[in-house]
Amino acid sequence: MRRDDRDDPFDDIFREIERMMEEMMGEGQGLERGDQSGFASSTHVDVHETDDDVRVIADLPGVEKEDISIQCDGDSVTVSAHSGHREYDERIELPGRVDARSGEATYNNGVLEVAFDRTDTSTNIDVK
C-alpha cells in the first residue's frame, strides 16, 4: 500500500521506509520470478582489519548454522548459505593476505563473524 501525500514534507522518508519494507517482504526484488539470490544487494557485510587479523561480519537472517559454507583462498572469502526464502552466495575480497587455515567462525542471532590471522606475504632472502 503506497501513500499519496505529494505535499507531505516527510514523503521522502516514508518512501524510503516503504522501499525497505518491500525489500524485507521480498517485493520488487524478482523473488516472484524465482530469483532468490541477493546476498550482496540485501545483506550487510563488513570487513574489519587490524595489524594482526581480518574479520568478516555478515548478516544472514533466517539461516541455520548448518546451512552455511565458508571457503577462503587467502585473498578472499566465499560465504554461501541458504534458508527457505533466500540463497546467499558472495565472494568478499579481503584487504590483505590472510592465513586461510587460521579461520574461525561464529554464528549467533543471524550474524556470521569469520576471523583470520594476517600473514606476511614477503620473506627475507639471505644473500650468500
Side-chain angles (χ1 to χ4, degrees):
M1 183 160 142
R2 294 228 180 242
R3 295 172 42 92
D4 191 23
D5 297 329
R6 291 185 181 109
D7 295 330
D8 187 348
F10 298 105
D11 190 48
D12 289 341
I13 295 170
F14 286 119
R15 242 183 279 154
E16 180 63 14
I17 291 170
E18 287 171 348
R19 184 195 62 77
M20 290 187 311
M21 291 299 293
E22 286 173 358
E23 278 186 14
M24 285 178 27
M25 302 305 287
E27 298 173 19
Q29 290 186 345
L31 295 179
E32 59 277 357
R33 293 185 303 275
D35 177 13
Q36 294 186 353
S37 63
F39 186 93
S41 64
S42 65
T43 300
H44 187 77
V45 178
D46 280 325
V47 178
H48 300 278
E49 62 179 316
T50 67
D51 291 339
D52 299 323
D53 67 2
V54 175
R55 294 182 181 275
V56 176
I57 302 169
D59 293 335
L60 301 174
V63 173
E64 297 296 324
K65 179 171 72 171
E66 299 79 30
D67 296 328
I68 300 172
S69 171
I70 305 165
Q71 295 180 342
C72 180
D73 64 7
D75 295 313
S76 66
V77 175
T78 301
V79 177
S80 301
H82 65 278
S83 70
H85 306 307
R86 294 284 248 196
E87 291 185 20
Y88 304 97
D89 191 21
E90 182 70 13
R91 181 179 172 154
I92 301 124
E93 294 296 324
L94 300 174
R97 188 126 178 97
V98 299
D99 178 2
R101 293 192 174 120
S102 71
E104 292 185 8
T106 59
Y107 184 66
N108 190 17
N109 292 329
V111 178
L112 174 69
E113 182 173 346
V114 187
F116 296 97
D117 293 336
R118 283 187 172 275
T119 186
D120 187 6
T121 57
S122 64
T123 303
N124 291 329
I125 300 172
D126 293 330
V127 178
K128 297 182 183 190

Just wondering, do Asn108 and Val111 contact through their side chains at under 4.5 Å, heavy atoms?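 Contact flag for Val111/Asn108 side chains = no.
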Would you call Asp75 and Val98 a side-chain contact if the rule is heavy atoms closer than 4.5 Å?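 Asp75 vs Val98: side chains apart.
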If you round to the nearest 0.5 Å, how far is [atom2] of [Y] from [atom1] of [X]?
X      : Y      : atom1 : atom2 : result
Ser80  : Gln71  : OG    : CD    : 7.0 Å
Thr106 : Lys65  : OG1   : NZ    : 10.0 Å
Asp52  : Asp117 : CG    : CG    : 8.0 Å
Thr78  : Asp89  : OG1   : CG    : 7.0 Å
Asp46  : Ile92  : CG    : CD1   : 10.5 Å

Using modelled atom types only, decide if a donor and an acceptor are shared between the side chain of Tyr88 and the backbone of Ile68 within a distance under 3.5 Å.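 No, Tyr88 side chain to Ile68 backbone: no donor-acceptor pair under 3.5 Å.
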Would you name the heavy atoms of [X] and [Y] that are closest together and state the gap between them?
X     : Y      : result
Leu60 : Tyr107 : O-OH, 2.7 Å
Gly96 : Arg118 : CA-NH1, 3.8 Å
Leu94 : Cys72  : CD1-SG, 4.4 Å
Arg97 : Asp73  : NH1-O, 3.5 Å
Gly62 : Ser83  : O-CB, 3.2 Å
Gly74 : Ala100 : N-CB, 4.1 Å

Steps toward side chain to side chain contact (heavy atoms under 4.5 Å, CB included) verdict (Ile57, Val47): CA-CA 6 Å; Ile57 302 169; Val47 178; over 6 Å; no
Indicate yes or no: does Glu113 engage Arg55 in a salt bridge with an N to O separation below 4.0 Å.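 A salt bridge links Glu113 with Arg55.
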Let me check something: do Val45 and Val79 share a hydrophobic cluster, defined by ILVMFWY side-chain heavy atoms less than 4.5 Å apart, either directly or through other members?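 Yes, same cluster.
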